[in-house]
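Remarks on the structure that follows.
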There are 2 protein chains.
Amino acid sequence: MSRTQEQRRAETRRRLLDGARSVVADRGVAGASVEAMAGAADRTSGALYDHFGDKDGIIVALLDEWKEATAAATQADLTGTDDPDERLRSLWANFAVPRAAGGQQWMLLEHELWLYACRQPEATGAAADRYAEVRSRLAESLAGGLLQAGAERSPDQAAGLATLVIGLMVGLEMQRRLEPDAVPDDLAVAGLRALIRGAGGLS
Amino acid sequence: MSRTQEQRRAETRRRLLDGARSVVADRGVAGASVEAMAGAADRTSGALYDHFGDKDGIIVALLDEWKEATAAATQADLTGTDDPDERLRSLWANFAVPRAAGGQQWMLLEHELWLYACRQPEATGAAADRYAEVRSRLAESLAGGLLQAGAERSPDQAAGLATLVIGLMVGLEMQRRLEPDAVPDDLAVAGLRALIRGAGGLS
DNA sequence: GTCTATAGATTGATAGAC
DNA sequence: GTCTATCAATCTATAGAC
């Protein structure tokens with residue numbers, strides 16, 4: 001039946017994306033050969049070319065997938081506990097821990113795709129959209145006062161604050177990757193708290 | 001005379017490093033061929049191998065050079081005006097503007113070298129040292145109260161604050177690269193100010 | 001001290017079998 | 001729909017001329 005064919009094709013596509021993500025995180029976009037990506041998916045290069053056209057094709061697909069995954073993950077971060085301070089800690093933990101975990105190499109993938117998007121004009125939009133979406137979801141929570149009880153925020157303030165919060169987390173995670181002791185969790189949380197409390201003066 | 005020989009050698013070394021920096025910023029570490037790096041220096045691959053041994057050798061040399069250059073640049077940032085708020089603006093401007101300038105592609109080089117350092121254990125130390133040095137110089141200024149008149153800080157507080165300030169600037173610059181409008185200068189300065197004012201609660 | 005020439009390995013992509 | 005075989009291009013690194 002054609003139903004089974006479609007399922008098989010979808011399965012191969014998923015495997016190819018998983019394999020590519022792993023290899024790119026490990027060796028970088030330029031270092032990831034088509035054959036290595038297909039091999040990590042238990043397929044051969046032919047299957048990859050059939051699904052994605054060329055090497056750039058699968059990288060762009062990876063970028064789209066990454067965009068949706070992180071947007072969804074950020075949403076989930078903020079529905080945990082009631083204590084605003086505890087939410088901050090959980091926000092940082094959810095951001096930092098999975099990205100630091102050795103196996104998945106999320107943070108390296110993030111920077112690889114960012115660099116790729118900076119250099120390939122046709123991919124810049126997808127990456128910008130991803131950051132915009134993460135900002136937007138975080139801003140939604142901030143505007144609702146989720147992170148600081150009793151302090152409502154205007155949409156503009158919330159959007160700006162979300163930009164700062166994401167920026168701080170990304171920049172801290174970079175430093176932490178090279179020197180874990182330089183960025184203790186308490187410092188990160190204190191920084192996030194300072195941003196949120198000091199947000200009165202934001203544009 | 002041997003004096004002239006040494007000068008010529010030093011000149012070639014400098015040219016090779018300049019060429020390599022430019023090509024790596026442009027195409028990435030993996031995309032930068034030895035021949036292209038040497039070509040950008042008006043030399044050939046033979047000269048490069050004589051000076052740096054192999055491709056990794058010149059990348060590591062690039063990393064060291066980059067470390068010294070940024071440390072020095074950060075130092076200079078904070079000796080401009082007397083107004084603390086104006087210093088913040090100049091700190092951000094000096095960080096953001098040269099890195100955003102199209103020609104030199106500083107920010108891309110920064111992330112390329114960071115990724116390289118994350119993947120090559122023997123290079124991690126050099127990159128970590130660089131961030132530590134930048135942090136240390138910034139912390140020095142913060143501890144002296146340069147950024148907020150009348151508020152002295154302990155060395156530990158200053159070190160933590162410097163980590164946050166650098167993290168925020170790096171993370172904001174990444175978002176700005178993809179979508180300039182998302183990170184107006186005023187927002188960045190407001191974020192820096194919030195970090196510095198809210199630093200009372202830092203570890 | 002730098003260049004030319006080249007070996008040896010790897011890559012992106014295509015064509016055709018099944 | 002996926003695989004095997006293969007070509008042309010490119011890369012790192014070396015050897016030897018000058």
Side-chain angles (χ1 to χ4, degrees), chain A residues 1-63 112 115-116 119-120 122-123, chain B residues 1-63 112 115-116 119-120 122-123:
Chain A
M1 297 146 93
S2 100
R3 188 86 184 93
T4 307
Q5 293 264 23
E6 282 178 29
Q7 282 180 341
R8 279 175 51 90
R9 184 167 177 83
E11 149 97 2
T12 290
R13 186 189 157 89
R14 197 185 54 71
R15 292 179 70 98
L16 286 170
L17 283 171
D18 287 345
R21 188 182 332 110
S22 160
V23 174
V24 167
D26 218 43
R27 312 187 205 169
V29 171
S33 70
V34 171
E35 210 167 336
M37 293 189 281
D42 274 316
R43 294 292 184 276
T44 55
S45 60
L48 193 150
Y49 279 101
D50 182 59
H51 276 266
F52 300 101
D54 60 1
K55 181 176 173 176
D56 277 324
I58 195 170
I59 301 294
V60 170
L62 217 56
L63 214 146
E112 281 293 339
L115 274 167
Y116 179 85
R119 294 206 177 97
Q120 308 290 332
E122 72 273 18
Chain B
M1 294 146 81
S2 102
R3 186 85 184 96
T4 307
Q5 293 265 22
E6 281 178 29
Q7 282 179 341
R8 280 175 49 90
R9 184 166 177 84
E11 151 96 2
T12 289
R13 185 188 157 89
R14 196 186 55 72
R15 293 179 69 99
L16 286 170
L17 283 172
D18 287 345
R21 188 181 332 110
S22 161
V23 174
V24 167
D26 218 42
R27 312 186 205 169
V29 172
S33 71
V34 171
E35 210 166 336
M37 292 189 281
D42 275 315
R43 293 292 184 277
T44 54
S45 58
L48 192 148
Y49 280 101
D50 183 60
H51 276 265
F52 299 102
D54 59 3
K55 181 176 173 177
D56 277 324
I58 196 171
I59 301 295
V60 169
L62 216 56
L63 215 146
E112 281 293 339
L115 273 167
Y116 179 85
R119 294 205 176 97
Q120 309 289 331
E122 72 273 19

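Proteins come first, then strands; the chains are lettered A, B, ... in the order of their sequence lines, and each starts at number 1.
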Under 4.0 Å between a side-chain N/O of B:Thr12 and OP1 or OP2 of C:dT2, yes or no?
yes
Output the rounded distance in Å from NE2 (A:His51) to C1' (D:dT2).
8 Å
Can you tell me the distance, in whole Å, between the CZ atom of A:Arg13 and the P atom of D:dT2?
12 Å
Filtered N/O pairs between nucleotides 11-15 of chain C and protein, under 3.5 Å:
residue : atom : partner : partner atom : Å
C:dG12  : OP1  : A:Lys55 : NZ           : 3.0
C:dG12  : OP2  : A:Val34 : N            : 2.9
C:dA13  : OP2  : A:Tyr49 : OH           : 3.2
C:dA13  : OP2  : A:Lys55 : N            : 3.2

B:Glu112 side chain to B:Val29 backbone, donor-acceptor under 3.5 Å:
yes
Given atom CZ of A:Phe52 and atom P of D:dT2, what is their separation to the nearest angstrom?
11 Å
Could you state the CG-C1' distance from A:Asp42 to D:dG1, rounded to the nearest angstrom?
16 Å
side-chain contact (heavy atoms from CB on, under 4.5 Å) partner of B:Ile58, the single match among B:Val34, B:Leu17, B:Leu63
B:Leu17
Could you give the CD1-to-P distance, from B:Ile58 to D:dA13, as a whole number of Å?
12 Å
Inter-end axis angle, the helix from C:dG1-D:dC18 to C:dC18-D:dG1, with every axis fitted to five base pairs (rounded, 10 degrees)
0°
If I take atom CD in residue B:Gln7 and atom P in nucleotide C:dG1, what distance separates them, rounded to the nearest angstrom?
14 Å
Check whether B:Arg15 reaches the backbone of B:Ala41 with its side chain - one donor and one acceptor, N or O, closer than 3.5 Å.
yes
Please step through side chain to side chain contact (heavy atoms under 4.5 Å, CB included) for the pair B:Met37 and B:Leu16, ending with a clear verdict.
CA-CA 7 Å; B:Met37 292 189 281; B:Leu16 286 170; over 6 Å; no
Could you check whether any side-chain N or O of B:Arg27 sits under 3.5 Å from a backbone N or O of B:Ala32, counting only pairs where one atom can act as donor and the other as acceptor?
no
What's the CG-C1' distance between B:Asp50 and C:dT4, to the nearest Å?
15 Å
Within the 4.5 Å heavy-atom criterion, are B:Arg8 and B:Thr12 side-chain neighbours or not?
no
Length of the CG-C1' vector between B:Leu16 and C:dG1, whole Å:
12 Å
Worked verdict on A:Asp56 versus A:Tyr116 for side chain to side chain contact (heavy atoms under 4.5 Å, CB included):
CA-CA 10 Å; A:Asp56 277 324; A:Tyr116 179 85; 2.6 Å; yes
Full working for side chain to side chain contact (heavy atoms under 4.5 Å, CB included) between B:Arg9 and B:Asp50:
CA-CA 10 Å; B:Arg9 184 166 177 84; B:Asp50 183 60; 2.9 Å; yes
Test item: A:Arg13 side-chain N/O and A:His51 main-chain N/O as donor-acceptor pair under 3.5 Å
no
Residue A:Thr44, side-chain atoms from C-beta onward, closest of C:dG1, D:dC3, D:dG1
D:dC3
